[in-house]
Each structure stands twice: as structure tokens, then as C-alpha cells.
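Below is one structure, written out as C-alpha cells; comments come after it.
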Amino acid sequence: MATNLHRLIAKEFGEDFAWGVAMAAAQNEGAWSSYGKGPSIWDNFSRRQGKIKGGGKPTIACDFYHRYKDDLLMAKALGFSVFRFSISWPRILPEGTGKVNKEGIAFYHRVIDECLKLGLTPYVTLYHWDLPAALEKEGGWTSHLMLRWFVRYAALCAEEYGDKVKNWIVLNEPFGFTSLGYMLGKHAPGRIGLSNFLPAIHNTALAQAEGGRILRQLVKNAHIGTTFSCSEVLPYTSSPEDIQAAKRVDVLMNRLFIEPALGRGYPREDFKFLDKLELHNKSWKYTEKMHFNFDFIGIQNYFPVVVRHNALIPIVQASEVKATTRKVPHTAMGWEINPDSFYRLIKRFWLYGGVKEIIISESGACFKDELVGGVVDDQQRIDYYQQYLLALLRAKKEGVNVKGFFAWTLTDNFEWAEGYKARFGLIHVDFNTQLRTIKNSGYWFRDWLSGK
Ligand code: BGC
């Protein structure tokens, strides 16, 4: 139950603050090979032995494709006013380019129309990691043709949905999908090494800005943003080696994509390794092309990172000292819970010149939820949200122009390489029956938001 204190705080965010839930096509939709959809890199990657914990695949996920009406109704019933979702590129362009799949196009019209009918403002992400497999065969994000493919896809989305959808997010976490997918091989498409990572970085930085330009050109009165995964990076000790290691990791995790977007080019001066990007970017003539005047940036922070110098690790020469080792509060994924760090990170991103507005486009936590007698008592998640919202309010009161908070996520879903065991939802899903049960954290949000 919400206490009076909660009610007071929810009001303090202001009438125009956007409260939302976020999700992604590959994690929720299912219907992976139906209604004309082409395979994505995640459909293929999840078929490879040992890539996903428990062998989970996004084939059915939480069946959002067929259950979107019920799920949207629940988002509304919990009091949210924004629904952030992504378009599956291979659902509307099964080959990545070329022929348009009319059934796929129609599906997102239905989702958008339902949002509008319920009074949920749609925030649409163009790319949340499910690249068409056909494009991966041609090189995926490492190919210089990516810009052309992405422009075609972005233009199609803008032309189809731009009359109804005004809020757009170009990319979800560019560092996430380039590093995990093209350097470390832990996410789709499972590639490793610098020969993949470096061109993927550059093509992504270009697509990030170009996607913004296409949306600006084709959607009247658009509110355009893009999201960044970010983590405060702290040295384990105050030794100069650890401090330098933290600085290098910070360049990669927090600065690599936002600085080109803001028109500063890559943060090469603080990590000379990035000079290698020059191979893919002759004479840096593209600095201007990586710049776009975004209306907002989406911040997605799940944990701070503590690192120490480690000469054995190539390039960054740093390794993480995990929250479990440091014995600090953490989620079931081992991610540190630290609302003060969240506060400092928001302030830091706000201080970048050129950031006009911030939206917390994802925030949430994974715990070992159990459904007992029809109830999921996830008090830890409630505590998490309470602490993080207080930290956010503090930053807002100190002048940060933060306009929204989108909880990750509405229903438990396909958590990428973690499969189906890692649950982040406000609503529990039984993946055998697709039965939905609102968790106590969902009810907590409902009470919190009803106090607005
Ligand atoms: C991603 C989500 C993911 C969440 C939790 C974010 O990095 O955008 O797709 O489910 O983190 O891992």
C-alpha cells in the first residue's frame, strides 16, 4: 500500500512528468516466424548451443504479438501514461531491405492505435537489437552498407507511423549491442574481436545521427531521442593504475556514443586506442555526420562499475570487481543497487553541453520472484524503485530537466543471453501458460501513480 509519503513524492515530479513502461520486440512479441516475419540475429543466435542460459529462445517469448491488447490494458490499469516499445526490423522488412511485409506493418498500426485508444503515449524505438538475419549475412553492423539499410528502414517507419507517433528513439544502447554482439560474442550475432567491433562502432555512430535526421525530415513535430547504457565507473583503489583503468572503461561505457552525437567526435584524447577507428573513418571527415541535435537523451543505468588495473586484459587493461565480491547490495543478476550513483550519473549527463532533456528510458531490477498462492511478493523491487525514484527527484529538484521515467519492464520477458530465468517485470509471466499475475511492485506503482 502507498503511504502518504509516497503520494507526496509522486506529485512532486509534476503534472507533465511522463511515467511509462518499456519493452522490446524480440523480448516480448514471439510469433518469430509467423505473419511474414523474417528471422532476426537473435532467432539464429539463440539456436546455437550454449549461447542462452537454459536454452531459451525468443520464439514465443510472452506472446505480446497476440496479447498486446491485454498487456496494454494492464499498463494503463497500473497508471502508466507512456508505452515504450520497439519495432522489429525483420517483421516489417523480412530481408532487411527490399520487400515490405504488410502484415508486419499492420501489426504496429494495431499496437499504436490501441495505445492511443487507451491514452498511452507511444514511444517507439527503431532498433532494439533484432537485426534482420539477412543483413547480418552481408556483414551486419560491420558493413558500410548499414547506413543505407538503416536509412531505408527508418524512413519506412517514419512514413508509416509518423502521423500517429511523435516520440521516437533511434537506438537502444549502442555500446551494449556493439560490445556484447561484435566484440565479446555474448550477444547476437556472437562475433568477436576488434575487426568486428571497430567498424560496428563507427557504422552505429553514423546510423544514430542519420536516424535522427530521417525522423526530423519525415515526422512533423517529432520529439526525437536515442538511449545510452551508462554506469558510473569507479576505481577499486586510489592507485594511479586503478584510476587510469577506470578512466578507460568510462570512455568506452559512457562517452563513446554520446560524444559523437553531441558533435565532439570520439573521445580519443582520453583513450588513444580509439585512434584505431581512423582506419574506418578516413581523416575524421565524418565528425559532422555523427552529430545530431537530439531533443532528448534516454539514460539507462542498471549498476555502477568498480574496476581495477589488470594488464592481462587486452586493450582496456582493466577488470571488474563484482558487487558480489565487494559484498554490497545487488540484484539477482549481481548488479549493484546504488541510488546515489544513479543520482550522480544523471547529474553528470545533464552537465554535457547540448543535452536538452533527459528521460530515464529504462530502469528496473531482476530478483528471484516466486508466485505463491497467486501473489508475487517482490518487496526488493519495490525498495529498488523507491530508492531510485527518490534519487531521481533529488536530481530533478536540483535543476536537471528530466521529463520521464520508464520502468523496465511491464511483463517478465526474454532476457537475452540470460534466457527466461531473469525476471524484470512488474507483471509475472508463467511461460508455460502465459498467465499474467501482477506483482506487488506493479500494485505499488499503481498506488504510487494514483497519488499523482
Ligand atoms: C536492455 C534491455 C534489457 C535490460 C536488462 C537493457 O540493457 O535495453 O533490453 O532487458 O537492460 O538487462
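For ligands, and for the atoms within them, numbers begin at 1 and follow the listed sequence. Below, each value reflects all heavy atoms present in this structure, side chains not excepted, and no hydrogens, waters or symmetry copies.
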(request) Verify whether one side chain among S40 and D130 offers a donor that lies under 3.5 Å from an acceptor in the other. (result) no

(message) Can a side-chain donor-acceptor contact be found between H330 and K322 if the only test is distance below 3.5 angstrom?
(response) no

(message) Ring centroids only, cut at 6.0 angstrom: are W448 and Y385 within range, meaning strictly under it?
(response) no

(request) Examine R84 relative to F406 and say whether NZ or CZ is less than 6.0 Å from the centre of the six-membered ring and inside a 45° cone about the ring axis. (result) no

(request) Please confirm whether R91 makes a cation-pi placement over F107, using NZ or CZ under 6.0 Å from the six-membered ring centre and within 45° of the ring normal. (result) yes

For ligand 1, output the ligand-protein N/O contacts shorter than 3.5 angstrom; if there are none, return none.
{"from": "ligand 1", "atom 1": "7 (O)", "to": "E173", "atom 2": "OE1", "distance (Å)": "2.6"}
{"from": "ligand 1", "atom 1": "7 (O)", "to": "E173", "atom 2": "OE2", "distance (Å)": "2.9"}
{"from": "ligand 1", "atom 1": "8 (O)", "to": "H128", "atom 2": "NE2", "distance (Å)": "3.2"}
{"from": "ligand 1", "atom 1": "8 (O)", "to": "N172", "atom 2": "ND2", "distance (Å)": "2.8"}
{"from": "ligand 1", "atom 1": "8 (O)", "to": "E362", "atom 2": "OE1", "distance (Å)": "3.1"}
{"from": "ligand 1", "atom 1": "8 (O)", "to": "E362", "atom 2": "OE2", "distance (Å)": "2.8"}
{"from": "ligand 1", "atom 1": "9 (O)", "to": "Q27", "atom 2": "OE1", "distance (Å)": "2.8"}
{"from": "ligand 1", "atom 1": "9 (O)", "to": "H128", "atom 2": "NE2", "distance (Å)": "2.9"}
{"from": "ligand 1", "atom 1": "9 (O)", "to": "W416", "atom 2": "NE1", "distance (Å)": "2.9"}
{"from": "ligand 1", "atom 1": "10 (O)", "to": "Q27", "atom 2": "NE2", "distance (Å)": "2.9"}
{"from": "ligand 1", "atom 1": "10 (O)", "to": "W408", "atom 2": "NE1", "distance (Å)": "3.1"}
{"from": "ligand 1", "atom 1": "10 (O)", "to": "E415", "atom 2": "OE1", "distance (Å)": "2.6"}
{"from": "ligand 1", "atom 1": "12 (O)", "to": "E415", "atom 2": "OE2", "distance (Å)": "2.6"}

(request) Can you label the angle between the Y153 ring and the W89 ring as parallel, tilted or perpendicular, going by 30° and 60°? (result) parallel

